[in-house]
Protein chains: 2
Amino acid sequence: MPRWSPDAALRLEAAALDSFEEHGFTDTTVPQIAARAGLTTRTFFRHFADKRDSLFLRDREFPQAVRDFLRSVPAESTPVATVQLGLASACRGVQGWRPQIARRQAIIRSEPALQERDLLRSHRLGLAIEQSLVERDVAQPQAHTLAAIAVTCFDLAIARWLDEPPDTDLEENLLAVWDDVRAVMEEGAGDGRGR
Amino acid sequence: MPRWSPDAALRLEAAALDSFEEHGFTDTTVPQIAARAGLTTRTFFRHFADKRDSLFLRDREFPQAVRDFLRSVPAESTPVATVQLGLASACRGVQGWRPQIARRQAIIRSEPALQERDLLRSHRLGLAIEQSLVERDVAQPQAHTLAAIAVTCFDLAIARWLDEPPDTDLEENLLAVWDDVRAVMEEGAGDGRGR
DNA sequence: TGCGTGATGACACGCCGTGTCGTCACTGTA
DNA sequence: TACAGTGACGACACGGCGTGTCATCACGCA
């Protein structure tokens, strides 16, 4: 039997989630979380950069997963189609985690510092998409804007999904949001922009 | 003569900017900034929520400015045209602040914690746009997506603007970015989305 | 048996951010 | 002149945050 249980980060994450739900984010101290996981404060900071980071353990692998998936899409696929394939794949991967995501989202909404951290998560995801598109020879500006739109759509789809019944399909929401975006942009295609 | 100089926040902001440039963000302590401005640490935290906040003093008025401007746009203007008018106005207002913005941006780029805070700034700006659009009877989902696109375009235009010669026109960059976005979205309008 | 490795504990420490109280110029009123 | 209210700031204490450093000990390996 090993001296140390090998799932320290996971236990800390669970302890943090429970503590935040019970006492709120601000009124929970790191020593409390660590003790709940049977570890010390110092060990907490070996696994997480700060207190907020304990809520974002799962997101660390996402950027790499994005890159891996987009590399698997045939080169003939257009940029937009490629991104849509990626988002659809992400939907399928996330679909089963709804309860955990809902718990986390509720805590994030309650604390500005966590919303801030959540924005960084979205940003990093967008960066991964952008880089993968550039690897596929998409021009930098187009890659950037397309990645930004993709992340915006995905986050909005998640938000709507969490507001609906638990058995709702995330991918359906995503397609609806995507149509909204295109409709908005096309609506203003020919108006007076003073050019 | 007043006992206290009335520009404490501005002096603290300047002291912080100088200190960050000289020693870096992490190696600058709040007492250092306060002393440089001729004030105490406690007073620093009366004007700023935290150390990072001292770089974002000017942005506090932006959301209200957005709302004020969008309320002045005629009701007949379409949502997209309204947003474009707002962005153009913002460009004209920002155009003269290029040196200060460049200094600040350089510091922000050097520190993840500041990038995070900068994302919150963008987010709040988007929220203000969204709310103003909803006031103009734009549907909530369309308002959200349009606001997100607007902020994305604006931030990208600023980034490109800072990379170009000092006399470049920000509004020209913005229009170019906007065209990119629409081109990207229309390119994928009729492809195989599996629907 | 001995050695290297790696995760954890233990401890100290400086900085962050807040609560609280006192100080004092400024303002308005009479 | 007098005097109370206001509001910005200084002074001080304090708990929590996050890091540097060294000791401990199971594990794998030879």
Side-chain angles (χ1 to χ4, degrees), chain A residues 1-57 60 107-108 110-118 120, chain B residues 1-57 60 107-108 110-118 120:
Chain A
M1 192 191 291
R3 179 180 182 193
W4 312 115
S5 194
D7 56 353
L10 290 175
R11 278 185 293 135
L12 285 166
E13 180 199 28
L17 194 61
D18 292 340
S19 300
F20 294 159
E21 282 179 339
E22 284 178 21
H23 314 114
F25 178 80
T26 334
D27 292 339
T28 299
T29 68
V30 174
Q32 280 171 21
I33 300 171
R36 190 168 193 152
L39 296 165
T40 64
T41 303
R42 191 66 189 86
T43 297
F44 177 95
F45 286 111
R46 284 195 180 96
H47 289 279
F48 302 105
D50 52 46
K51 198 166 81 172
R52 299 174 302 159
D53 200 34
S54 57
L55 272 180
F56 296 88
L57 174 63
R60 292 178 189 172
I107 299 174
I108 290 175
S110 73
E111 183 67 32
L114 292 173
Q115 298 173 26
E116 201 169 328
R117 184 62 178 72
D118 202 40
L120 184 61
Chain B
M1 191 193 291
R3 180 179 183 195
W4 312 115
S5 194
D7 56 353
L10 290 175
R11 278 187 293 135
L12 285 166
E13 181 199 29
L17 194 61
D18 293 339
S19 300
F20 294 159
E21 281 179 341
E22 285 178 20
H23 314 114
F25 178 79
T26 337
D27 291 340
T28 300
T29 68
V30 174
Q32 280 172 20
I33 301 172
R36 189 167 194 154
L39 296 166
T40 62
T41 303
R42 191 65 189 89
T43 297
F44 177 95
F45 286 112
R46 284 196 181 95
H47 290 278
F48 302 104
D50 51 47
K51 199 167 78 172
R52 300 174 301 159
D53 201 32
S54 56
L55 273 179
F56 297 87
L57 174 62
R60 293 179 188 170
I107 300 174
I108 290 175
S110 72
E111 183 67 32
L114 291 172
Q115 298 174 24
E116 202 169 327
R117 183 64 178 71
D118 201 40
L120 185 60

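Proteins come first, then strands; the chains are lettered A, B, ... in the order of their sequence lines, and each starts at number 1. Every value quoted in this text rests on a predicted model; they were computed, and no experiment measured them.
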May I have the distance from [X] (atom [atom1]) to [N] (atom [atom2]), rounded to whole angstrom?
X     : N      : atom1 : atom2 : answer
B:F44 : C:dT18 : CZ    : P     : 11 Å
B:D7  : D:dG7  : CG    : P     : 20 Å
A:L12 : C:dT8  : CG    : P     : 9 Å
A:F25 : C:dG17 : CZ    : P     : 13 Å
A:H47 : D:dG18 : NE2   : P     : 16 Å
A:L39 : D:dC25 : CG    : C1'   : 16 Å
B:I33 : C:dG17 : CD1   : P     : 10 Å
A:F48 : D:dG18 : CZ    : P     : 13 Å

Between B:D53 and B:R60 (salt bridge meaning N to carboxylate O under 4.0 Å), is one present in this structure?
yes
Walking DNA chain C from its 5' end, the first of A:T43 and B:T28 to be reached, judged by nearest nucleotide, is A:T43
As a test of reading the structure: which of [options] is closest to the side chain of [X], going by heavy atoms?
X     : options                : result
B:F45 : C:dG17, D:dA11, D:dC17 : C:dG17
A:K51 : D:dC17, D:dG10, C:dG17 : D:dC17
A:T29 : D:dC17, D:dC9, D:dT19  : D:dC17
A:A8  : C:dT8, C:dC16, D:dC17  : C:dT8
B:R46 : D:dG18, C:dG9, D:dG10  : D:dG10

With nearest nucleotide decided by heavy atoms, which residue, A:R42 or A:V30, maps closer to the 5′ end of DNA chain D?
A:V30
If you draw the axis of the six-membered ring of B:F25, does the NZ or CZ of B:R52 fall within 45° of it and under 6.0 Å from the ring centre?
no
Between the main-chain N or O of B:L39 and the side-chain N or O of B:T43, is there a donor-acceptor pair closer than 3.5 Å?
no
Could you tell me the separation between the OG atom of B:S19 and the CD1 atom of B:I107, rounded to the nearest 0.5 Å?
9.5 Å
So CD of A:E111 and CG of A:D118: to nearest 0.5 Å the spacing works out to 13.0 Å
